[in-house]
Amino acid sequence: MLPVHHPSLELLLDYAAGSTGEAAGLALATHLALCPECREVVAQFESLGGALLEAIEPAAVPSEALDNLLARLDEPVPVPVPVPDRRSPADDATLGPVPQPLRGYIGQDLETIRWKRVMRGVEQADIAVGRGRTGNVRARLLRIGPGVRVPRHTHAGTEMTLVLAGGFSDGDKQYQRGDFSFCDRETDHSPVADDDGECLCLTVIDAPLRLTGPLMRLLNPFIRF
Ligand SMILES: [Zn+2]
């Protein structure tokens with residue numbers, strides 16, 4: 001089944017322009033691996049970007065700069081570092097729930113990951129990515145038990161969630177494998193995992209969550225989300 005919930009065009013444009021940080025780029029690229037529709041949009045943005053660059057009149061190059069450039073042609077060429085293909089073909093069932101490029105970060109075997117318990121029925125594992133300009137960006141795997149409800153909370157910043165396996169509902173919206181959700185400080189929600197199995201998600205947040213339910217807000221200093 002193809003994803004129903006997609007990143008905004010603005011986020012896809014940022015991705016095509018290479019201007020997201022590493023963590024957000026990972027969430028978007030992993031969505032693209034599961035979503036032919038958004039791959040097509042990004043491909044169009046990329047070709048549009050290329051056409052715009054070509055349309056710009058080349059500025060006159062000062063002769064000194066040209067000489068420097070020509071001199072550099074004799075320098076040894078740096079060996080290019082292999083970059084994983086960010087538009088891998090869609091994952092197939094035999095490869096388990098983790099498609100590329102996420103697999104390059106966490107491997108394929110979810111059981112060898114060091115999970116930390118957050119609350120009853122919720123575990124998380126940090127993924128090593130750059131922390132972004134503010135140093136606060138975190139990418140994590142979240143594993144939520146069947147039927148478990150995440151306490152009502154809001155966000156001091158933004159939260160991207162990509163479903164890798166299972167599903168959850170959030171208000172009247174239903175999210176399944178490949179679906180992408182974007183929340184910000186306007187969102188106050190309490191997602192609940194589907195009853196029929198564990199829900200595995202990739203989340204990228206740039207600020208801590210804040211619990212908002214009565215009593216629960218007292219727990220804010222203690223939560224490890
Ligand atoms: Zn999509």
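Here, residue 1 is the first one in the sequence, and each next residue gets the next number. Keep in mind that the numbers below use all heavy atoms, side chains included, and drop hydrogens, waters and symmetry copies. All ligand and atom numbering here is 1-based and tracks the order in the structure.
A side-chain donor-acceptor contact under 3.5 Å links Tyr105 and Glu22.
If you take CZ on Phe45 and CG on Leu13, they are separated by 4.5 Å, rounding to the nearest 0.5 Å.
Within the 3.5 Å criterion, the main-chain N or O of Gly104 finds a donor-acceptor partner in the side chain of Gln100. Of the possible donor and acceptor atoms, none in the side chain of His31 sits under 3.5 Å from a partner among the backbone N and O of Ala29.
Using bins of under 30°, 30° to 60° and over 60° for the plane-to-plane angle, the ring pair Phe168/Tyr175 lands in the parallel bin.
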Evaluation steps, side chain to side chain contact (heavy atoms under 4.5 Å, CB included), between Lys173 and His189: CA-CA 11 Å; Lys173 287 186 182 153; His189 64 164; over 6 Å; no
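Taking distances strictly below 2.8 Å, the protein N/O/S atoms close to the Zn ion (ligand 1) are His6 ND1, His31 NE2, Cys35 SG, Cys38 SG.
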